[in-house]
Protein chains: 2
Amino acid sequence: MDLVDREGLAALTMRRLATDLGVEPMALYRYAASKQALLDGVIEMFFAEVNADLAAQTVAEHARPQAEAAVAWRQELQRIAHAYARVAQAHPSVFPLVATRPVTLPLARRPAPMLQLNEHVLALLARSGFDEHTRLRIYRALTAWVVGYLLVDKRQMIDNPEEPDPLLRLGLHRLPAAQYPHLRATAPLLADHDAERELASGLGILLDQAAEGPAGAARAAGRTP
Amino acid sequence: MDLVDREGLAALTMRRLATDLGVEPMALYRYAASKQALLDGVIEMFFAEVNADLAAQTVAEHARPQAEAAVAWRQELQRIAHAYARVAQAHPSVFPLVATRPVTLPLARRPAPMLQLNEHVLALLARSGFDEHTRLRIYRALTAWVVGYLLVDKRQMIDNPEEPDPLLRLGLHRLPAAQYPHLRATAPLLADHDAERELASGLGILLDQAAEGPAGAARAAGRTP
DNA sequence: ACCTGAACACCGTTCAAGT
DNA sequence: ACCTGAACACCGTTCAAGT
């Protein structure tokens with residue numbers, strides 16, 4: 001993970017890692033069955049860090065009085081989203097791997113820390129009184145929004161970091177004004193927004209509707225399950 | 001793209017593509033400056049297909065009376081999300097590339113079809129009377145939710161496709177019931193949900209709140225900008 | 001139990017050369 | 001303008017062997 005953080009995903013090769021560890025390439029195969037298994041190990045470390053973050057906070061907040069059950073699950077999911085986002089931003093080169101790997105990795109083969117986080121979310125929602133289908137809907141809303149938002153938020157806008165002029169730094173001279181007037185006008189604003197707040201408020205609204213029911217009419221009165 | 005669809009991303013190498021085309025590997029460098037440029041070409045084809053989908057529909061619906069401006073932008077963004085989802089599902093091996101590449105590709109260097117789609121969305125929102133910051137908030141909500149949802153929706157649940165028994169097919173015997181009771185209980189339901197509907201309703205609720213304002217209190221009365 | 005060393009079948013990309 | 005051919009510096013992984 002250190003190697004990926006320092007030099008990017010492409011730098012993580014069996015041979016490179018081996019020389020960094022002062023060992024022959026084949027020695028690594030005692031610890032990981034393949035390159036893919038090694039990458040899954042990196043994903044494992046990512047989720048272990050998320051869990052450690054959450055556990056550390058939990059201890060600190062144990063003193064505080066328990067919030068009423070109706071809002072507690074919302075707060076807890078926001079807390080999870082926040083921890084996940086922090087870790088994603090701490091390891092920007094690892095995150096694309098974490099975001100896409102589950103597409104090909106069967107559920108039952110996921111690393112334990114990832115399964116533990118999944119279980120934690122589902123158990124929390126069960127305790128809050130949601131039926132199975134609602135639990136899954138909320139679970140999907142949480143992960144889809146957090147993963148998607150972190151993927152678009154981290155998008156690269158800067159074309160030439162050396163350039164002092166903001167327009168040239170963004171490389172907007174490459175976009176013909178006739179073809180892309182709105183993109184040119186709006187692009188400079190892409191960088192300055194409160195990502196944390198947008199992530200949290202989008203999540204809040206999705207949780208509301210997912211908890212209310214599949215129709216998502218979103219004008220229901222109560223919010224308690 | 002055909003090669004990736006048939007045999008996965010890993011099969012797309014300069015050498016393999018060259019032999020498929022009956023040519024020496026170095027001949028490809030007349031058409032793409034590097035492997036990365038080739039991959040960006042695949043992303044370009046992805047967005048070209050989304051745009052073609054949208055254009056085809058537009059012609060067909062031209063006859064219908066124009067909906068009132070207040071709802072038109074919502075419908076159009078739903079239509080875009082739907083087209084994007086269709087293309088993502090048509091090219092499942094390409095989609096992870098499309099979802100993660102913008103993280104490292106500067107805005108101004110994106111392929112034209114991708115920029116055209118971006119411009120289309122921003123122009124639509126401008127015509128609907130939204131200010132610059134609201135346009136961006138809606139734009140981010142759209143792409144984050146669609147990309148994130150397609151990433152989680154497509155997640156692999158099946159561990160052993162050969163196995164007739166549903167529990168073993170999912171590989172749930174790998175998950176100790178003591179450690180993961182909720183995950184085990186809920187996993188079989190992960191596959192059966194109406195993804196199209198969930199995607200559309202989540203998007204609907206996000207668009208409502210993004211249009212209403214940054215606070216996202218979500219209890220505002222009107223929906224017109 | 002843990003590591004080495006040689007070998008194999010691949011990669012992307014360079015350079016110089018051909019038609 | 002378009003393609004070839006040899007070469008270079010890498011890959012992941014095999015197999016057999018060492019301590």
Side-chain angles (χ1 to χ4, degrees), chain A residues 1-46 91-106 109-112 114 156 159-160, chain B residues 1-46 91-106 109-112 114 156 159-160:
Chain A
M1 195 151 192
D2 284 349
L3 178 56
V4 176
D5 284 342
R6 284 197 318 270
E7 307 188 28
L9 249 190
L12 180 57
T13 70
M14 299 303 267
R15 298 182 110 106
R16 172 65 200 280
L17 181 60
T19 52
D20 272 29
L21 297 171
V23 98
E24 292 298 306
M26 283 314 296
L28 300 181
Y29 285 81
R30 290 272 148 198
Y31 307 91
S34 66
K35 171 89 187 273
Q36 189 57 258
L38 185 74
L39 291 173
D40 288 344
V42 174
I43 294 174
E44 180 174 352
M45 290 193 68
F46 181 97
H91 307 284
S93 299
V94 173
F95 180 60
L97 191 68
V98 173
T100 55
R101 179 67 175 122
V103 170
T104 41
L105 184 68
R109 294 187 187 271
R110 291 181 187 172
M114 187 172 175
Q156 186 79 33
D159 181 51
N160 182 3
Chain B
M1 196 151 192
D2 284 350
L3 179 56
V4 176
D5 283 342
R6 284 198 316 272
E7 307 188 28
L9 249 190
L12 181 57
T13 69
M14 298 304 266
R15 299 181 110 106
R16 171 65 200 279
L17 181 60
T19 52
D20 273 28
L21 296 172
V23 99
E24 292 297 308
M26 283 313 296
L28 299 180
Y29 286 81
R30 292 271 147 199
Y31 305 92
S34 65
K35 171 89 187 271
Q36 189 56 259
L38 185 74
L39 291 173
D40 287 345
V42 174
I43 294 173
E44 179 173 352
M45 290 193 69
F46 181 96
H91 307 284
S93 299
V94 172
F95 181 60
L97 192 68
V98 172
T100 55
R101 179 67 176 123
V103 170
T104 42
L105 184 68
R109 294 188 188 271
R110 291 181 186 172
M114 186 172 176
Q156 186 80 33
D159 181 52
N160 183 3

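Lettering follows sequence order; numbering is per chain, from 1. Side-chain atoms are counted along with the backbone in the values below, which use heavy atoms only and exclude waters and symmetry mates.
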**Student:** With Asp159(B), which residues qualify under side-chain hydrogen bond (donor to acceptor under 3.5 Å, both in side chains), at least two apart?
**Tutor:** Arg109(A), Arg174(B)
**Student:** Below 4.0 angstrom from OP1 or OP2 of dC3(D), is there any side-chain N or O of Tyr31(B)?
**Tutor:** yes
**Student:** What is the distance, rounded to the nearest whole Å, between atom CG of Leu28(A) and atom P of dA1(C)?
**Tutor:** 19 Å
**Student:** When you measure from every atom of DNA chain D, which of residues 1-10 of chain B have a heavy atom less than 4.0 Å away?
**Tutor:** none
**Student:** Using a 4.0 Å cut-off on protein heavy atoms (strictly under), produce a 5'-to-3' string for nucleotides 13-19 of chain D with B for base contact, S for backbone-only sugar-phosphate contact, and - for none.
**Tutor:** BBB----
**Student:** Per the side-chain hydrogen bond (donor to acceptor under 3.5 Å, both in side chains) rule, what does the pair list look like for residues 8-26 of chain B, sequence neighbours excluded?
**Tutor:** Glu7(B)-Arg16(B), Arg16(B)-Asp20(B)
**Student:** Under 6.0 Å from the CE atom of Met45(A), do we count more than 12 heavy atoms belonging to anything else shown?
**Tutor:** no
**Student:** When Watson-Crick pairs (N1 to N3 and N6-O4 or O6-N4) and G-U wobble pairs (N1-O2 and O6-N3) count only below 3.5 Å on both distances, what is the dot-bracket string of DNA chain C, with | for other-strand pairs?
**Tutor:** ||.|||||...|||||.||
**Student:** State, to 0.1 Å, how close Met14(A) and Leu38(A) come at their nearest heavy-atom pair, and which atoms those are.
**Tutor:** SD-CD2, 3.8 Å
**Student:** What's the CG-P distance between Leu38(A) and dC11(D), to the nearest Å?
**Tutor:** 14 Å
**Student:** Please list every donor-acceptor pair under 3.5 Å in which a side-chain atom of residues 25-35 of chain A meets a protein atom from a residue at least two apart or in another chain.
**Tutor:**
| from | atom 1 | to | atom 2 | distance (Å) |
| --- | --- | --- | --- | --- |
| Ser34(A) | OG | Gln36(A) | N | 3.4 |
| Ser34(A) | OG | Ala37(A) | N | 3.2 |
| Lys35(A) | NZ | Leu12(A) | O | 3.2 |

**Student:** Run the side-chain contact (heavy atoms from CB on, under 4.5 Å) check on Val103(A) and Gln156(B) step by step: do they pass?
**Tutor:** CA-CA 5 Å; Val103(A) 170; Gln156(B) 186 80 33; over 6 Å; no
**Student:** Distance between the P atoms of dC2(C) and dA16(D), in whole angstroms?
**Tutor:** 22 Å
